[in-house]
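Hydrogens, waters and symmetry mates are skipped; everything else that's a heavy atom, side chains included, is used. Just follow the structure's listing: the first ligand is 1, and inside any ligand the first atom is 1.
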Amino acid sequence: MSSQKAVIIGAGPAGLGAALALARMGVSVTVIEKEAEIGVNRRGETIRFHQGMEDRLYKGFFEEQTIHRINQRTYYSHTGKKKADRQISTWNLIIEYPRFVQALASVAEKAGAQIVKSAPVDRYIKDGDRVSAVVANGKEFAADIFFATAGHHDPSLDIGKRALSRIDIPIRKYLVKNYAGRDTHLEYFFHVDERYPAIAAIFPRGKGEAEVLYMFLTDSAAKKAASTNIPGTRGASGREHDKLDFQYIASIIDDFENIHPVFGEKLTGAKRYYETNTLIPMGDIGSDILPAPNLVLAGDAVGQVEARGGSGIRSSFMMGQISAQAAVDTLLRENFSSQAQSAFKKKVLDSEQMHELKDLNLKFGIPRRLFFSTVTSPSAMDTFWFALEFFMR
Ligand SMILES: Cc1cc2nc3c(=O)[nH]c(=O)nc-3n(C[C@H](O)[C@H](O)[C@H](O)COP(=O)(O)OP(=O)(O)OC[C@H]3O[C@@H](n4cnc5c(N)ncnc54)[C@H](O)[C@@H]3O)c2cc1C
């Protein structure tokens, strides 16, 4: 494969997973990352151990990256009256996101991948139905095959004409310092507002720090928020979810800190350290994984995140690996023929990882979504608490 060239757009878990696999198979790999540093757009701080991922990195990788471990969760209802404790069978590992992704990058670089930073890809050049190059900072990067792994804003999505309907979770997350709650539990607090169903959670990280997460649930909730006439809303860009005004939503959920009897108290005196907000895809495949014969999509770009918490990073990395392996075995080996394209899709979609994703989505994601679309008030949340105890596992 030494004469074959691959360009990967985005040095997140999916792109680095693909880069590592390709480099090890002898493909010449260039990863193009828009940021000056890897992992600066912080995502989650929680990951569950995954043997397959560690096997592809090195023994002890997860151990090295772990700041803190958690194996219990406490869920509180909106009123604080209902509460459920749960044991987590696989430890939740609390990580420092930038450090974790930088460690992935360093394994990929050692295997031979080259990473170009400060290079936002803003254009794809096509030759017939194939992509011949991508452009970043006015410079063309040509290759035989391209991996679009730039997350849910991946510029290739215009080529794939993806429907955004499955990307349904506007999420806001921030890390606080001086967290005053217990540090051995993940603590969830549910709040349902008539217009904006939301969930908030505290993820203790140890050392007096905690990550606080707020997110809105269900497509219909997002649509409601998007269609409400809110003064100052950022206007339409054509896609309904883009109409959501995070600032306005944030002001509503900030109030939540004062409303919730347990939540506000635990955060008293805590300092914001970083925050981020975005829309994330949850569960299943939302777009074509091969929108052009030599353009592979993986990770959040296809909306394949597992429907359970702590799994987006590992499932994106694994998807990058699986797609790269399948691309070498089919597309690159058989010069992107139509048979090779079908074989590629079959290999990826039939992989154990994809089946696992689909099963989890069926078991948890879909019922969870259905459940939250029925809850319309805080008291309804308490009434349905028994169902939540089950679905939020
Ligand atoms: C707020 C938030 C919290 C989350 N919490 C968790 C959690 O606790 N645990 C968990 O496992 N998962 C979590 N997830 C999900 C997880 O982070 C994602 O599933 C995972 O990061 C997806 O990996 P990816 O490589 O597909 O995309 P990303 O991680 O989004 O990586 C995309 C990369 O591409 C780069 N890029 C983007 N556009 C361009 C461009 N035009 N040109 C070049 N480069 C570009 C970006 O800078 C980035 O480095 C969270 C996600 C979000 C948004």
Side-chain angles (χ1 to χ4, degrees), residues 7-19 30-50 53 62 65 70 90 92-98 100-102 104-105 108 115-124 134-137 139 141 146-158 167 169-175 186 201 203 205 211-216 246 274-283 286-287 296-321 323 357:
V7 158
I8 295 179
I9 301 105
L16 294 168
T30 305
V31 183
I32 306 174
E33 167 57 44
K34 75 167 181 197
E35 302 292 349
E37 294 299 330
I38 308 283
V40 289
N41 288 326
R42 284 170 178 264
R43 302 303 213 189
E45 307 289 333
T46 317
I47 190 166
R48 268 176 294 159
F49 179 79
H50 190 271
M53 182 166 172
F62 278 81
Q65 296 301 322
I70 282 165
T90 315
N92 270 267
L93 311 177
I94 306 301
I95 54 159
E96 169 80 15
Y97 189 81
F100 188 91
V101 187
Q102 281 158 20
L104 292 181
I115 302 179
V116 179
K117 296 178 203 160
S118 303
V121 169
D122 55 16
R123 201 153 58 86
Y124 279 66
V134 292
V135 183
N137 297 331
K139 187 177 165 197
F141 293 83
F146 297 82
F147 286 76
T149 53
H152 63 280
H153 287 314
D154 194 296
S156 73
L157 293 171
D158 288 341
I167 297 178
I169 315 264
I171 176 174
R172 180 181 174 88
K173 207 160 189 175
Y174 59 89
L175 191 67
L186 293 182
F203 291 76
R205 297 186 61 205
E211 188 183 17
V212 178
L213 171 153
Y214 296 107
M215 63 183 165
F216 290 85
F246 279 114
Y274 85 81
E275 60 180 276
T276 173
N277 55 35
T278 186
L279 298 168
I280 62 168
M282 291 294 273
S287 72
V296 173
L297 257 73
D300 275 7
V302 279
Q304 54 79 35
V305 177
E306 248 177 52
R308 301 184 81 191
S311 305
I313 299 165
R314 70 181 203 182
S315 71
S316 298
F317 175 87
M318 291 300 290
M319 193 50 53
Q321 286 260 317
S323 304
L357 272 175

Is the shortest N/O to N/O distance between [X] and ligand 1 below 3.5 Å?
| X | value |
| --- | --- |
| T276 | no |
| A301 | no |
| R314 | no |
| A298 | no |
| I9 | no |
| A14 | yes |
| R42 | no |
| P155 | no |

[X] heavy atom under 4.0 Å from ligand 1:
| X | result |
| --- | --- |
| A119 | yes |
| I47 | no |
| Y97 | yes |

For ligand 1, is any non-hydrogen atom under 4.0 Å from [X]'s backbone (N, CA, C, O), its side chain (CB onward), both, or neither?
| X | result |
| --- | --- |
| P13 | both |
| V40 | neither |
| S311 | backbone |
| K173 | side chain |

*Candidates R205, R43, K173 - the one meeting salt bridge (charged side-chain N to carboxylate O under 4.0 Å, His left out) with E211*: K173

*asked:* When you compare the side chain of I9 with that of Y124, does any pair of heavy atoms fall below 4.5 Å?
replied: yes

_Show the atoms of ligand 1 that are less than 4.0 angstrom away from any heavy atom in G299._
26 (O)

*Counting each atom of ligand 1 from 1 as listed, which ones have a heavy atom of I32 under 4.0 Å away?*
43 (C), 44 (N)

*Which of the listed options, S316, G151, A150, holds the heavy atom that is closest to atom 37 (C) of ligand 1?*
A150

*Between the candidates R123, E275, R43, which shows the shortest non-hydrogen contact distance to atom 2 (C) of ligand 1?*
R43

*Determine the minimum heavy-atom distance between P13 and I313, stating which atoms define it.*
CB-O, 3.6 Å

